[in-house]
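Start at 1 and go down the list; that is how both ligands and their atoms are numbered. Because the structure is a prediction, the values reported are computed rather than measured.
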Amino acid sequence: MEKTVQLYEGKAKKVYATEDETLCIVSYKDDATAFNGLKKGTIVGKGIVNNRMSNLLMQLLEMKGVPTHFVKELSDRETLVKKVQIVPLEVIIRNVSAGSFAKRYGVEEGIVFDEPTIEFSYKNDDLGDPLLNSYHALALHLATKEEIETIKAMAFRVNEVLVEYFKALGIRLVDFKLEFGRLPDGKIVLADEISPDTCRLWDLATNEKLDKDRFRRDMGGVEDAYKEVFRRLMGE
Ligand code: TMP
C-alpha cells in the first residue's frame, strides 16, 4: 500500500491517505514536544521505538479481545491503520500517583492506588487539553453515552493487559493516555499510539524513569530510556 496525500501532521506523527479510502499510513517522527508544544526537541530513534512498540502492543491487545486500528507494520517508522474519526478525548488511566495527578492533589509521586483511576481530557490544543468529566463530554457532544461506556471498559481492559505484560518485563505501568476512534460503521477501536511518549514506565526494581518524563524534566538519558524499553519488549 502506497501513501498518497498527507492528511495531517501532528506533533509526533504524520498521517497519509492511501488508495484505499478506509486505510491510512501513519509515519512516526523523532520530534518531541511537551507542555502543549512549549518545549520542543528531538529524541533520536523515538519514531522507530514508538512505531514498533505501539504495533506490538496493539497486536497483543487484539489477541486479548480489544479492537484496534492496527492493520500492518510497513517499515520501522510506518504503519498501515484503519481510518478512524478520532473521538476528541484523551483517556488517562493511572495505577500510581505521578505527573498532573500528584501536582493537582498535592501528593507525592509513587503512591500505588487500590484501584486504577480514569480521567478524560478534551483533546483540544488551543485550550490546552482541559480535564473534563463524562457529563461535560456529553454536553459538548464529544461522544455518546454508549461510546463513553465502551471507551471506559476498553481502557480498563487495556490497563489489565498492559500492567501484566510490562510487569513480566520488569516495568511498572504507572499511567498512560489512550485515544479511541470510530470506524465508518460506528464501532469504537483503540487508535493513536502506546509508547514511552504516552505512558509512564518505571523500572520495577529501581523506579528509574523509562519514558518521556526524562525529556519533560530535562533528566538526560532520554534516548537510552526509549532504547531500554524497546530492548525489553523485543526480549533482548
Ligand atoms: P499527566 O500526569 O501529565 O496528566 O500525564 C498522564 C499520562 O498521559 C502520562 O503517562 C503521559 C500521558 N500524556 C500524553 O500522552 N499526552 C499528553 O499531552 C499529556 C499531558 C500526558
Side-chain angles (χ1 to χ4, degrees), residues 8-13 26 28-41 43 46-47 49-51 53-54 57-58 61 68-69 86-113 116-133 136 142 151-152 154-156 158-159 161-163 165-167 169 171-181 190-204 207-219 222 225-226 229 233:
Y8 174 78
E9 177 162 9
K11 288 183 285 225
K13 299 188 283 293
V26 179
Y28 285 73
K29 306 189 283 183
D30 284 352
D31 299 352
T33 64
F35 315 117
N36 200 18
L38 272 176
K39 183 182 173 81
K40 289 189 173 69
I43 302 174
K46 171 172 89 82
V49 172
N50 289 9
N51 180 42
M53 174 170 171
S54 286
L57 297 178
M58 295 262 180
L61 288 163
T68 78
H69 71 167
I86 289 285
V87 177
L89 292 174
E90 300 205 342
V91 181
I92 295 161
I93 298 276
R94 300 179 192 270
N95 297 300
V96 178
S97 67
S100 69
F101 182 97
K103 197 169 172 204
R104 180 176 311 115
Y105 302 117
V107 296
E108 62 191 297
E109 294 198 309
I111 301 165
V112 179
F113 300 147
T117 69
I118 190 164
E119 72 207 42
F120 300 109
S121 293
Y122 178 21
K123 187 174 158 62
N124 184 320
D125 281 343
D126 293 339
L127 299 175
D129 298 341
L131 192 67
L132 48 62
N133 66 33
H136 300 146
L142 304 183
I151 286 171
K152 275 189 196 165
M154 282 172 71
F156 282 123
V158 169
N159 188 48
V161 172
L162 294 188
V163 162
Y165 189 77
F166 279 114
K167 201 192 239 174
L169 305 178
I171 292 173
R172 185 194 301 254
L173 179 60
V174 170
D175 58 30
F176 56 95
K177 185 263 300 179
L178 300 175
E179 295 184 25
F180 293 85
L190 181 63
D192 193 48
E193 67 180 272
I194 308 172
S195 73
D197 275 18
T198 62
C199 301
R200 284 196 174 92
L201 304 168
W202 295 358
D203 182 89
L204 255 184
N207 279 335
E208 188 190 355
K209 295 185 197 307
L210 299 172
D211 57 60
K212 194 176 163 191
D213 268 350
R214 302 198 75 88
F215 169 80
R216 295 189 188 98
R217 303 179 186 191
D218 295 320
M219 296 170 74
V222 187
Y226 279 71
V229 172
L233 281 166

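Taking a 4.0 Å cut-off on heavy atoms, K103 fails to register as neighbouring ligand 1. Proximity of K11 to ligand 1 is not established, as no heavy-atom distance is less than 4.0 Å. Proximity of D197 to ligand 1 is established by a heavy-atom distance of less than 4.0 Å.
Taking a cut-off of under 4.0 Å to the non-hydrogen atoms of F176, the atoms of ligand 1 that pass are 10 (O). Below 4.0 Å from some heavy atom of T198 lie the following atoms of ligand 1, by number and element: 10 (O), 12 (C), 15 (O). Distances below 4.0 Å separate heavy atoms of G99 from the following atoms of ligand 1: 2 (O). Interface atoms of ligand 1 facing C199, defined by a heavy-atom separation under 4.0 Å, are 10 (O).
Listed for the K29 side chain is a donor-acceptor partner under 3.5 Å among the backbone atoms of G10. In terms of modelled atom types and a separation under 3.5 Å, the side chain of T198 and the main chain of S195 share a donor-acceptor contact. Side-chain atoms of S121 do not come within 3.5 Å of backbone N or O of E90 as any donor-acceptor pair.
Note that K39 lies in the cation-pi zone of F215, set by a 6.0 Å cut-off to the ring centre and a 45° limit from the axis.
Atom 4 (O) of ligand 1 has S100 OG, 2.6 Å as its closest protein atom, hydrogens excluded (heavy atom only). The protein heavy-atom contact nearest to atom 10 (O) of ligand 1 is D175 OD1, 2.6 Å. Counting protein heavy atoms only, atom 15 (O) of ligand 1 is closest to K177 CE, 3.1 Å. Given atom 3 (O) of ligand 1, the protein heavy atom at minimum distance is R200 NH2, 3.7 Å. For atom 18 (O) of ligand 1, the nearest protein heavy atom (residue, atom name, distance) is E90 OE1, 4.0 Å.
Looking only at atom types and distance, the side chain of R94 has a donor-acceptor partner in the side chain of S100 under 3.5 Å away. In the model, D129 has no side-chain atom that pairs as donor or acceptor with a side-chain atom of N36 under 3.5 Å.
Within 4.0 Å of atom 12 (C) of ligand 1, at least one protein heavy atom is present. Of the protein's heavy atoms, at least one falls inside 4.0 Å of atom 7 (C) of ligand 1.
Just one of L173, I171, V158 meets the side-chain contact (heavy atoms from CB on, under 4.5 Å) condition when paired with V163; it is L173. Checked against K11 for a side-chain contact (heavy atoms from CB on, under 4.5 Å), the options D31, D197, D125 give a single hit: D125.
Checked for salt-bridge contact, D203 and K209 miss the test: no charged N lies under 4.0 Å from a carboxylate O. D213 and R200 are joined by a salt bridge, as a carboxylate oxygen and a charged side-chain nitrogen come within less than 4.0 angstrom of each other.
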**OP:** Test ring pair (Phe, Tyr, Trp, His ring centres under 6.0 Å) on F113 and F101 and set out the steps.
**Re:** CA-CA 12 Å; F113 300 147; F101 182 97; 5.0 Å; yes

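Nearest-heavy-atom check against atom 21 (C) of ligand 1 across K123, K212, R216 picks out R216.
Looking at R94 against ligand 1, only its side chain comes within 4.0 Å, counting heavy atoms. Of the heavy atoms in E179, none comes closer than 4.0 Å to ligand 1.
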